[in-house]
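Counting begins at 1 with the first residue of the sequence.
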Amino acid sequence: MEKVKNISFIGFMGCGKSTLAQALAQDLDRVFLDSDALIAAKWGREVGEIFRDFGEEFFRKEEQKMADFFATLQGVSIATGGGFINVKNLDKIGFCVYLRADFDFLKARLSEGERAKRPLFYDEKKARNLYHARLDSYEKSANLILDIENQSVESLLDALKREI
Ligand code: S3P
């Protein structure tokens, strides 16, 4: 049987990784997995609670375990967390799509409630610095970059499907 690559979505908080990964899974009839949601389910806590109770380093180790698991799969549409680009085997997971947008666009898109759920978006100045520190890695890790500002989910899906 032909090997069907996984598609993984990367990018900063608020860029729509989960929305697009889910939409792609529905469109292509693939399995949809969300790294943050799987980690949260394992521990029975929200990601913010995991950061608070166990610390960021613990969360990053859980992300690495997810990455090792994803690398064993085929044909799955995968949403990652914003810091997932630091796992050591991202390139082994599959075709990597970076959803790119300016920091201010992402900030405006996330409601206060959505920002409150994200421990690393809590302090805006720190979040902005983190965004700039990661830009290069997002671009270098990507097999495809989609500029998401003012694009509908449908148009992004169409653009993506032309490339995979
Ligand atoms: C993080 C992004 C979050 C989540 C955690 C850490 C980050 O995911 O994994 O709060 O380091 O950028 P989203 O990108 O889905 O918000």
Side-chain angles (χ1 to χ4, degrees), residues 6-24 32-40 45-68 70-71 77-153 155-160 162-164:
N6 298 314
I7 314 276
S8 62
F9 292 85
I10 60 167
F12 203 67
M13 293 172 263
C15 69
K17 300 178 290 289
S18 300
T19 303
L20 215 67
Q22 185 186 39
L24 182 73
F32 162 58
L33 294 175
D34 184 316
S35 171
D36 280 351
L38 288 169
I39 296 170
R45 298 167 205 235
E46 298 299 328
V47 168
E49 293 171 330
I50 295 175
F51 267 68
R52 186 196 63 203
D53 298 344
F54 305 140
E56 178 171 352
E57 203 183 316
F58 176 92
F59 180 77
R60 299 304 175 197
K61 285 187 181 146
E62 289 299 296
E63 284 192 310
Q64 183 58 58
K65 290 177 214 167
M66 280 303 149
D68 296 342
F70 293 151
S77 181
I78 300 169
T80 69
F84 197 86
I85 32 148
N86 294 322
V87 300
K88 63 181 192 312
N89 48 350
L90 188 63
D91 58 320
K92 302 284 182 304
I93 294 175
F95 189 84
C96 195
V97 184
Y98 170 31
L99 304 180
R100 182 167 66 183
D102 281 348
F103 180 81
D104 288 313
F105 177 87
L106 298 173
K107 189 187 108 186
R109 229 162 73 136
L110 285 177
S111 66
E112 216 168 291
E114 285 296 320
R115 263 186 267 163
K117 279 190 214 157
R118 292 169 165 85
L120 300 182
F121 217 125
Y122 197 69
D123 178 328
E124 185 184 325
K125 198 163 163 241
K126 281 193 190 155
R128 197 181 286 276
N129 288 340
L130 188 61
Y131 171 90
H132 288 290
R134 281 182 182 164
L135 269 188
D136 226 35
S137 303
Y138 287 134
E139 291 188 0
K140 289 202 176 109
S141 306
N143 299 109
L144 173 69
I145 299 176
L146 293 177
D147 286 304
I148 62 153
E149 292 186 37
N150 307 314
Q151 297 291 324
S152 65
V153 171
S155 69
L156 289 169
L157 263 191
D158 286 343
L160 171 56
R162 283 195 292 273
E163 302 292 334
I164 55 176

Exercise. Aromatic rings Phe59 and Phe51: how do their planes relate, parallel, tilted or perpendicular, breaks at 30° and 60°?
Worked result: tilted
Exercise. Using 30° and 60° as the class limits, which term best fits the ring planes of Phe84 and Phe70: parallel, tilted or perpendicular?
Worked result: tilted
Is there side-chain contact between [X] and [Y], with at least one heavy-atom pair below 4.5 Å?
| X | Y | answer |
| --- | --- | --- |
| Arg162 | Asp158 | yes |
| Arg115 | Met13 | no |
| Arg100 | Glu139 | yes |
| Ile148 | Arg109 | yes |
| Cys96 | Asp91 | no |

For this session: Determine, for Asp102 against Lys107, whether the closest basic-nitrogen to carboxylate-oxygen distance falls under 4.0 angstrom.
Result: no
At what distance, to the nearest 0.5 angstrom, does [atom1] of [X] lie from [atom2] of [Y]?
| X | Y | atom1 | atom2 | value |
| --- | --- | --- | --- | --- |
| Met66 | Leu33 | CE | CG | 9.0 Å |
| Ile85 | Ser137 | CD1 | OG | 4.5 Å |
| Arg128 | Asp123 | CZ | CG | 11.0 Å |
| Asp147 | Cys15 | CG | SG | 11.5 Å |
| Gln151 | Leu157 | CD | CG | 11.5 Å |
| Ile50 | Glu62 | CD1 | CD | 7.5 Å |

Exercise. Got more than 12 heavy atoms from elsewhere within 6.0 Å of CZ, Phe105?
Worked result: yes
For this session: Give a yes or no on whether Glu114 atom CD has more than 12 heavy-atom contacts from other residues, nucleotides or ligands under 6.0 Å away.
Result: yes
Problem set entry | Given Ile10, Ile7, Asn143, the one that forms side-chain contact (heavy atoms from CB on, under 4.5 Å) with Val97 | Ile7
For this session: Answer yes or no: is there a donor N or O on one side and an acceptor on the other, between the side chain of Arg134 and the main chain of Gly82, under 3.5 Å?
Result: yes
For this session: Determine, stepwise, if the pair Asn86 / Gln64 fulfils side-chain hydrogen bond (donor to acceptor under 3.5 Å, both in side chains).
Result: CA-CA 9 Å; Asn86 294 322; Gln64 183 58 58; over 6 Å; no
Exercise. Among pairs that include at least one residue of residues 9-21, which meet side-chain hydrogen bond (donor to acceptor under 3.5 Å, both in side chains), considering only residues two or more places apart or in two chains?
Worked result: Ser18-Asp34
Problem set entry | Identified ring-ring contact (aromatic ring centres under 6.0 Å, His included) counterpart of Tyr138 within the set Tyr98, Phe9, Tyr131 | Tyr98
